[in-house]
Amino acid sequence: GPARGTVTVRGRLGGRYWERELTVDLPEREETNGALASVWARRRIEELITLHTERIVHPRGHKQKYFRPDWTPVVSHPDPERLYDVNHVDFGHDIEMGFLLLEAAEAIDCLDDPTVRGVARELVAHTLRHGWDPGNGGIFNRGHYAGDEADRCQVVDRDKFWWAQAEAMNTALLFSFLFPEEKDRYLDVHVRSWEYHTRWLLDDEHGGWTVFGLDTHPAAGRKRKGHQWKAGDHDVRALLNCLRWLQGDERIAEGPRPR
């Protein structure tokens, strides 16, 4: 039957010893429970969604990167180079998070939650407003606000990583189905993202995608296409998702759901 227990987690955080006791509620076992339905999966998913909607996503519509233990955002650093890293806007991860938030919401049957949908849409809107190339298409790498009260995000890294383009293609197609009032806008981003792949990323001679789009980084065509960070999760997931959705599958993701 159901039970409650305590788990003690110990380690080092920032060079200091850290220990915390966590109370774990174990649900009653059911033969129909899948892997995600066991122990605390649903509660943790709900907690992570709330952290994003209430803490991680800035009111301007982009993710904040670093936080203190009490979830206060880190917005300053004595080292100017580190300050740039702390404050920059990551367009690719923002548009990916728009998708991931809704994927998580679907997993716990709260896809219609207006707060989750609103934050997901704003992440994508901010990316397209500040990080999308209206000329060739594609998502730039990084932007930067001059301060917490600034209202202008300046693109400071114009490279276009392969994975960010995959996420744009994936998220835009999904949003065209979920938000029909803006269907044309999202479909345009999806189609232009695919066209960007075929023109600036695909290696027609040897196969595969270059690390950067050749329009802003021509030398990428002469560099290695594979390295320790170039996994296939972004591009393969995007292509498989787009194929499923275009064939009529209405689910955001395949697999078991927490009960």
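- Applying the side-chain contact (heavy atoms from CB on, under 4.5 Å) rule to Leu48 yields the partners Leu51; only residues at least two apart in sequence or on another chain are considered.
- Ala166 and Ala238 get closest at one heavy-atom pair: O-CB, 3.4 Å.
- Put simply, CD1 on Ile49 and CZ on Arg44 are 12.5 Å apart, with the number rounded to the nearest 0.5 Å.
- A heavy-atom distance below 4.5 Å is not found between the side chains of Leu174 and Asn241.
- Take His93 and apply the side chain to side chain donor-acceptor pair (under 3.5 Å) test, not counting sequence neighbours, and it matches Asp90.
- Atom CD of Gln165 sits about 13.0 Å away from atom CG of Asn170, to the nearest 0.5 Å.
- Residues Leu173 and Phe99 are not in side-chain contact: their nearest non-hydrogen atoms beyond the backbone lie 4.5 Å or more apart.
- Taking Val191 as the reference, Glu195 meet the side-chain contact (heavy atoms from CB on, under 4.5 Å) condition, with sequence neighbours excluded.
- Residues satisfying the side chain to side chain donor-acceptor pair (under 3.5 Å) criterion with Lys230, sequence neighbours excluded, are absent altogether.
- Electrostatic pairing of Arg237 and Glu103 does not count as a salt bridge here, judged by no charged N lying under 4.0 Å from a carboxylate O.
- In terms of heavy atoms, Ala220 sits closest to Thr210 at O-CG2, 4.1 Å.
- Below 30°, between 30° and 60°, or above 60°: for Tyr186 and Phe175 the angle between ring planes is above 60°, a perpendicular geometry.
- In this structure, Val74 and Phe67 have side chains that are not in contact, with every pair of non-hydrogen atoms separated by 4.5 Å or more.
- In this structure, CD1 on Ile95 lies 5.0 Å from CG on Leu128, to the nearest 0.5 angstrom.
- A side chain to side chain contact (heavy atoms under 4.5 Å, CB included) with Thr127 is found for exactly one of Thr171, Asp94, Val189, namely Asp94.
- Think of Met169 as one node in a network of Ile, Leu, Val, Met, Phe, Trp and Tyr side chains linked at under 4.5 Å; its network also takes in Phe161, Trp162, Trp163, Trp194, Tyr196, Trp200, Leu201, Leu202, Trp209, Val211, Phe212, Leu214, Leu239.
- For the pair Val155 and His130, the tightest heavy-atom approach, listed with the atom from each and the gap, is CG2-O, 3.4 Å.
- Atoms CG and CG, from Asp235 and Leu240 in turn, are 10.0 Å apart once rounded to the nearest 0.5 Å.
- Residues satisfying the side chain to side chain donor-acceptor pair (under 3.5 Å) criterion with Thr72, sequence neighbours excluded, are Asp70.
- In this view, His234 and Glu167 satisfy the side chain to side chain donor-acceptor pair (under 3.5 Å) rule, not counting sequence neighbours.
- Evaluation of the side-chain contact (heavy atoms from CB on, under 4.5 Å) rule for Pro218 yields no partner, not counting sequence neighbours.
- For the residue pair His217/Asp159, the side-chain donor-acceptor check at 3.5 Å is satisfied.
- The line from NE2 of His88 to SG of Cys153 is 10.5 Å long, rounded to the nearest 0.5 Å.
- The side-chain contact (heavy atoms from CB on, under 4.5 Å) search around Asp188 returns Arg192, not counting sequence neighbours.
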Subject >> Audit row: Arg43, Glu47, salt bridge (charged side-chain N to carboxylate O under 4.0 Å, His left out) steps and yes/no >> reply: CA-CA 6 Å; Arg43 293 187 181 181; Glu47 180 181 84; over 6 Å; no

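- Minimum interatomic distance between Ser176 and Lys183 (heavy atoms only, all atoms of both residues): O-CG, 3.6 Å.
- Put simply, Leu246 and Val236 are part of two different groups of oily side chains (I, L, V, M, F, W, Y) that touch within less than 4.5 Å, one to the next.
- Between Asp249 and Arg244 there is a salt bridge, with a side-chain nitrogen of the basic residue lying less than 4.0 Å from a carboxylate oxygen of the acidic one.
- Glu21 pairs by the salt bridge (Lys or Arg N to Asp or Glu O under 4.0 Å) definition with nothing, not counting sequence neighbours.
- Hydrophobic cluster membership differs between Ile252 and Leu243, with clusters built from Ile, Leu, Val, Met, Phe, Trp and Tyr side chains linked at under 4.5 angstrom.
- For Tyr145 and His58, the distance between ring centers is not under 6.0 angstrom.
- Shown here is Glu19, whose CD atom has more than 12 heavy atoms of other residues, nucleotides or ligands within 6.0 Å.
- Taking each heavy atom of Gly92 and Ala164 in turn, the nearest pair found is CA-CB, 3.8 Å.
- Sorted by first and then second residue, the salt bridge (charged side-chain N to carboxylate O under 4.0 Å, His left out) pairs with a member in residues 206-224 read Lys160-Asp215; sequence neighbours excluded.
- Rounding to the nearest 0.5 angstrom, the gap separating the CG atom in Asp157 from the CZ atom in Phe91 is 10.0 Å.
- Note on residues 111-124: pairs passing side chain to side chain donor-acceptor pair (under 3.5 Å), not counting sequence neighbours, are Arg121-Glu181, Arg121-Glu182, Glu122-Arg129.
- Scanning both residues, His126 and Val89, for their nearest heavy atoms gives CE1-CG1, 3.9 Å.
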Original post:
Does the side chain to side chain contact (heavy atoms under 4.5 Å, CB included) test come out yes or no for Trp71 and Ile56, once each step is laid out?
Top reply: CA-CA 8 Å; Trp71 285 101; Ile56 295 177; 3.9 Å; yes

